[in-house]
Amino acid sequence: MPDVFRALADPTRREILRLLGEGDKTAGEIAEQFDMTFPSVSHHLAVLKKAGLITDEREGQYIRYHLDATVVEDLIARLYGWINPGRGG
């Protein structure tokens, strides 16, 4: 879970998650949305992937990224359990 909190702490990574919430995107499509180098975007994607928040799939010469909502759902359940002991998570 620490990787998830680390990933969510950064506004750029939260914006990447928002973009992927609209639909799957290639690394290039994601990078087009930011005023930073491609290696910087790639680093953010690696952090999100390590946290389990996104997955990737190779499509020819491109890599397509997908939002993995199951980690977020687990996080919400845990937070709910911490806030309301005995009522969930």
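Rounded to the nearest 0.5 Å, atoms CD1 (I16) and CG (L48) are 5.5 Å apart. Atom NZ of K25 and atom CD of E32 lie 10.5 Å apart (nearest 0.5 Å). Between the CG atom in L19 and the CZ atom in F34 there is a gap of 5.0 Å [rounded to 0.5 Å].
With a 4.5 Å cut-off on side-chain heavy atoms, L20 and L53 do not count as touching. When side chains are defined from C-beta on, F5 does not count as touching D3, because their heavy atoms never get closer than 4.5 Å. Side-chain contact check for I63 versus E57: every heavy-atom pair is 4.5 Å or farther apart. The shortest side-chain heavy-atom distance between L8 and L17 falls under the 4.5 Å cut-off. Contact annotation: the side chain of I54 never approaches that of H66 to less than 4.5 Å [non-hydrogen atoms, C-beta and beyond]. Residues Y65 and T55 are not in side-chain contact: their nearest non-hydrogen atoms beyond the backbone lie 4.5 Å or more apart.
Salt-bridge check for R64 with E59: passed, with a basic side-chain N closer than 4.0 Å to an acidic carboxylate O. Salt bridge K49/D56: present, at least one basic N to carboxylate O contact under 4.0 Å.
Of the possible polar contacts, one joining the E29 side chain to the T26 backbone as a donor-acceptor pair under 3.5 Å is found.
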Walk me through whether V41 and Q33 qualify under side chain to side chain contact (heavy atoms under 4.5 Å, CB included).
CA-CA 10 Å; V41 173; Q33 304 300 312; over 6 Å; no
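Hydrophobic clustering (ILVMFWY, side-chain heavy atoms < 4.5 Å, transitive): V4 and L79 are in one cluster.
Applying the salt bridge (charged side-chain N to carboxylate O under 4.0 Å, His left out) test to every pair with at least one member in residues 14-24, sequence neighbours left out, gives these pairs: E15-R18, R18-E22.
A31 and F38 make their closest contact through CB-CD1, 3.7 Å (heavy atoms, listed as atom of the first residue, atom of the second, distance). Taking all atoms of both residues into account, the shortest heavy-atom contact from A27 to L45 is CB-CD1, 4.1 Å.
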